[in-house]
Amino acid sequence: DEKEGKDAGGGGGTPAAPAAEGEHEVAGTPTETAPAAEAAPGRVHWCGGEPSATFLFEPAREEEESRGEEATHLTEIFGRSEDGTHVTECGSDEDVITVTEGGGAIRDGALRGGEGGAARRQGRPHNETRFRKLRETSEVFSKKARHNTSIGEAEYSVLYMEVNHQSESDHDDEMNAGIATALCSILGLALDDPRLDADVDRICLILERTYTCSVACLEESYAALGTRLLTYLIRAIELDGNYRRFRRIGLIMKIFVSFVRCRPAMECMAGDTRLLSRLVQAANLTSTYPLAERDNTYAVDAIWIVSVLSLVEYTRVVRHPGVVDLLIHAAHSQPTIKDEAAAAMLNFTTDRASHAAFFQRPGFLEAIRQLLSAPRAPARRRAAGALRNLASTNNFRLTIITFSRGRIIDALHRLAGDRYDAGAARNATVALHKLAVYEEGETDPALVEELVRVTRSKHDHTCRFAAGVLAAHLL
């Protein structure tokens, strides 16, 4: 088989030439030798666009007297123009990352151990004046955390406006100034006080922006904070029947996507069963909350993270309760979610030792059959790749051929003739060749009988294929 580089958004990489027989096709392998990934069309990149803050920051109003002094202090730090709009000193145009460039670089970096992220600027900050102001803000927030003093909405609003941009070098300055460290301490306090639930949302919104920094800064931040921030975010993602909280999950998913770029954080995440449970919960939001269906990035990001983490801790991730069932459900969901579900199945089927468990799981083959006819090319290509992997196990070839009276074979034949997607055509062709191979071994009489029924299919190519396989098993 071949190896296919997969970006975080589900876009398959440029197909490579077929490798030696017996190798498995892998989507999203985080190695330096993986081919460059291409962004999937229609993918909602988390680093692009402006996060909606309307539910976090209400229109400006008079703050309590005890908070007014601090809010004024932060306003003075960053300044405001005469008309009241926020004044900030951003980087030059060359530092601004567009949606496509930012998404591609960050996703690529996640799969290559950080290779795609920009290196941290050494020496002086990108903007010394802005950096000094950020340090002052960090010290204000850290002092409040040490004294367990509440932070006003206006203070969060001022900081959010300062970090809401797409300049990676400026985000590096924010990290080096200690913004993430200060917010981490405040987040821990806010989680212990039910009255500060809205503060948790605001902190997550600011952290999501800040953590779009370079991989080098991300690694330094993780080394400094350890698992503390991850633990807090896992706690923050709990719904507990609170409808309002489901909107923060999208922000936390994006922070987790950033952490996947850091190898130590990625290994820690893969081994955390609580996080895996939260990812399954987040991916199922579209069916739990009707309003969440409008923004399917909850499921897209969560399934992508699960798929990539399986490359680090395969057994722990694949055997986690609910993960495979999640993919089966996602195969019947929205098109972009199907793309990610197919990519995860492609990764999951790379280990032959796990094939038996997949065939025993009700609905797994039907999910793959559904993905073979998905409306988007990435899902079809990856589903064919998953079958290509599954067909490497001799014991289950007849099960695939006879499933639903040969409907999988019908779909593979259609894909094999696809002139517009060479990757899907190649995967389908190789899968058919593997399924047609007969190896000596025990044959289930019931499957042979089912194979006879498939030879009566209304599709000529399926009839001929089943007849050839039947002859090989009987002669």
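These figures come from a predicted structure and were not determined experimentally.
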Within the side chain of [X], is there an N or O that forms a donor-acceptor pair under 3.5 Å with the backbone of [Y]?
| X | Y | value |
| --- | --- | --- |
| N164 | Y160 | no |
| S221 | C217 | no |
| D339 | P378 | no |
| R248 | A236 | yes |
| T349 | L346 | yes |
| R380 | P375 | yes |

Once rounded to the nearest 0.5 Å, what's the spacing between atom [atom1] of [X] and atom [atom2] of [Y]?
| X | Y | atom1 | atom2 | answer |
| --- | --- | --- | --- | --- |
| L387 | L365 | CG | CG | 7.5 Å |
| D172 | L218 | CG | CG | 10.0 Å |
| L225 | T181 | CG | OG1 | 4.5 Å |
| I400 | R369 | CD1 | CZ | 14.0 Å |
| L276 | L326 | CG | CG | 11.0 Å |
| R319 | S310 | CZ | OG | 13.5 Å |

Query raised in the report: Taking the six-membered ring for Trp, are F348 and Y314 parallel (under 30°), tilted (30 to 60°) or perpendicular (over 60°)?
Result: perpendicular

Query raised in the report: Taking the six-membered ring for Trp, are H355 and F358 parallel (under 30°), tilted (30 to 60°) or perpendicular (over 60°)?
Result: tilted

Any heavy-atom pair between the side chains of [Y] and [X] that's under 4.5 Å?
| X | Y | result |
| --- | --- | --- |
| L233 | R278 | no |
| I408 | L435 | no |
| H413 | L432 | yes |
| H165 | H171 | yes |
| F256 | Y211 | no |
| S258 | E208 | no |
| L230 | Y222 | yes |
| I186 | Y156 | yes |

Report summary line: Contacts of D272 meeting side-chain contact (heavy atoms from CB on, under 4.5 Å) (sequence neighbours excluded), chain-then-number -> I234, R274, L275

Report task. Go through the structure and list residues passing side-chain contact (heavy atoms from CB on, under 4.5 Å) with R361, not counting sequence neighbours. Result -> V324, D325, I328, F364

For [X] and [Y], work out which heavy atoms get closest and say how close.
| X | Y | answer |
| --- | --- | --- |
| Q370 | A331 | CB-O, 4.2 Å |
| A341 | I303 | N-CG2, 4.0 Å |
| L371 | A383 | CB-CB, 3.6 Å |
| I368 | A386 | CD1-CB, 4.4 Å |
| K434 | A391 | CB-CB, 3.6 Å |
| A384 | A431 | O-CB, 4.3 Å |

Do the charged groups of [X] and [Y] touch, with an N to O distance under 4.0 Å?
| X | Y | value |
| --- | --- | --- |
| R381 | D421 | yes |
| R235 | D192 | yes |
| R202 | D199 | yes |

Query raised in the report: Run the side chain to side chain contact (heavy atoms under 4.5 Å, CB included) check on F141 and L159 step by step: do they pass?
Result: CA-CA 10 Å; F141 276 57; L159 181 56; 4.1 Å; yes

Query - Derivation of the side chain to side chain contact (heavy atoms under 4.5 Å, CB included) call for D301 and E340 - result: CA-CA 8 Å; D301 285 337; E340 296 301 335; over 6 Å; no

Requested in this report: Would you please test V318 and D351 for side chain to side chain contact (heavy atoms under 4.5 Å, CB included) and show each step?
Outcome: CA-CA 10 Å; V318 173; D351 182 19; over 6 Å; no

Query raised in the report: Going through the checks in order, is the side chain to side chain contact (heavy atoms under 4.5 Å, CB included) test met by E174 and C213?
Result: CA-CA 9 Å; E174 294 153 14; C213 58; over 6 Å; no

